[in-house]
Amino acid sequence: MIPSSQVARFASALPFWLSLLLIPLIWIVAGLGSWWVLLVPAATWYLFSILDAFAGLNLENADPDTTEDDLYWYRFVTMIWPGLQFVTLFGMIWYATHTDHLSVGAMIGLFFGVGVVTGSVGIVYSHELMHQKNNTERWLGDILLSMVMYSHFRSEHLLVHHRYVATPRDPVTARYNEGFHRFFPRVLISSLKSSFRAEKDMLARKDLRWSDLSNPFFRYWALQGVMLVLALLIGGWIGLLLFLWQAYVAIWQLELTNYVEHYGLTRKHLGEGKYEHVKPHHSWNAAHKASNWLLINLQRHSDHHYKPDRRFPLLQNYTEAEAPQLPYGYPIMTMAAMMPPVWRRIMNPRVRKWRGMYYPEITDWTPYSKAKTPMPR
């Protein structure tokens, strides 16, 4: 176990600051134009995957009792990112619409790269922030999500996903044999519905209507409206389209990650709508060092579901005997998910092995594969 004194050092936190290098990279490639704009997604996906191959696995765990003060340098990077992303996103909209330096193709490529960053880094950081208890961090998480027009992700994640993961009620648990291209449109619609229903039901328990101003959806809509108006004012209709394009790419990145995290994993139905508790083996994990630097330990996903408000440097690694492990980090696995035959060849044997390892008593997996088991109570 890594002691708190070592965790607290700036040098220990520094690898998680590598994502900040993507900000100047966006500005540099915007100035270069042409095919250079593709360096941003290449760096995000391929560079960190190559680094994984050289850096190997990180199987060490930090002392989970490390104090908030000792985590200052880790918290700091998630707190400064929203401002850096805001300036970069809207700075790029202004630059792209006020110069003839970029061709139409280069603009599309540039904002594809911006979306990869606002999704792979921005949404992941918002996920870390939304799980914290203080309002400042939660607001910063909301601002990040509004920049990609996906504010309801906070409600869906906190009220639906964590409660119902690996059951038919969780839209973002990918079903066995469900290709990403079927999963993506399904989750876009169902996660919006389920998140609104969850907030509406919470208000109903307080004898309030959904239209009560305490419904966070009003804050979501207001923040998203501000971002849309800003994009329009800064870049006109072209600027608005570029903003929406990067938002779509960011959402695609998020849902690719969601698809990987729980693919084919299901909780056992105990009867009458009751399911077993969430356990470490209900999430796919990856101990790859470099991609965990990029994704601030999101790949230690089992521990995140065990302790949702545990800050990312303290998330614990599980062994292969305790939780299922992916053969590669999330960047490579999400690329594989875009090719369903490749994905099934990699993952379906692992799911079948998982089923035999944890649930040998279940002989008919069809209801689980089709999400036809009873809805949880």
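One is the number of the first residue; the rest follow in order along the sequence. What's counted below: heavy atoms across the whole structure, side chains too, no hydrogens, waters or symmetry copies.
- By the 6.0 Å and 45° rule, Arg355 does not stack over the aromatic ring of Tyr368.
- Under the 3.5 Å distance criterion, with hydrogens and angles disregarded, no donor-acceptor pair is assigned to the side chains of Thr78 and Glu128.
- Asn297 places no side-chain N or O within 3.5 Å of a backbone atom of Arg300 that could act as its donor or acceptor partner.
- Summarising the local packing, CZ of Phe196 is surrounded by more than 12 heavy atoms from other residues, nucleotides or ligands at distances under 6.0 Å.
- Side-chain atoms of Asn292 and Gln299 form a donor-acceptor pair, as typed in the model, at a separation below 3.5 Å.
- Residues satisfying the salt bridge (Lys or Arg N to Asp or Glu O under 4.0 Å) test with Arg310, not counting sequence neighbours, are Asp303.
- Thr88 places no side-chain N or O within 3.5 Å of a backbone atom of Gln85 that could act as its donor or acceptor partner.
- Counting non-hydrogen atoms of neighbouring residues, nucleotides and ligands closer than 6.0 angstrom, the CH2 atom of Trp35 reaches no more than 12 such neighbours.
- With hydrogens and angles disregarded, no donor-acceptor distance shorter than 3.5 Å links the side chain of Tyr164 to the backbone of Pro171.
- Residue pairs meeting the side-chain hydrogen bond (donor to acceptor under 3.5 Å, both in side chains) criterion with at least one member in residues 137-149, sequence neighbours excluded, are Asn134-Glu137, Glu137-Arg311, Asp142-Arg154, Asp142-Arg219.
- A donor and an acceptor atom, one from each side chain of Asp70 and Thr67, are located under 3.5 Å apart.
- Side-chain contact between Phe312 and His304 is absent, with no heavy atoms from C-beta onward closer than 4.5 Å.
- Between the side chains of Tyr150 and Glu255, at least one donor N or O lies within less than 3.5 Å of an accepting N or O.
- Neither side chain, Glu156 nor Ser191, offers a donor N or O lying under 3.5 Å from an acceptor on the other.
- Using a 3.5 Å distance cut-off with no hydrogens or angles, the side chains of Asn285 and His301 do not pair a donor with an acceptor.
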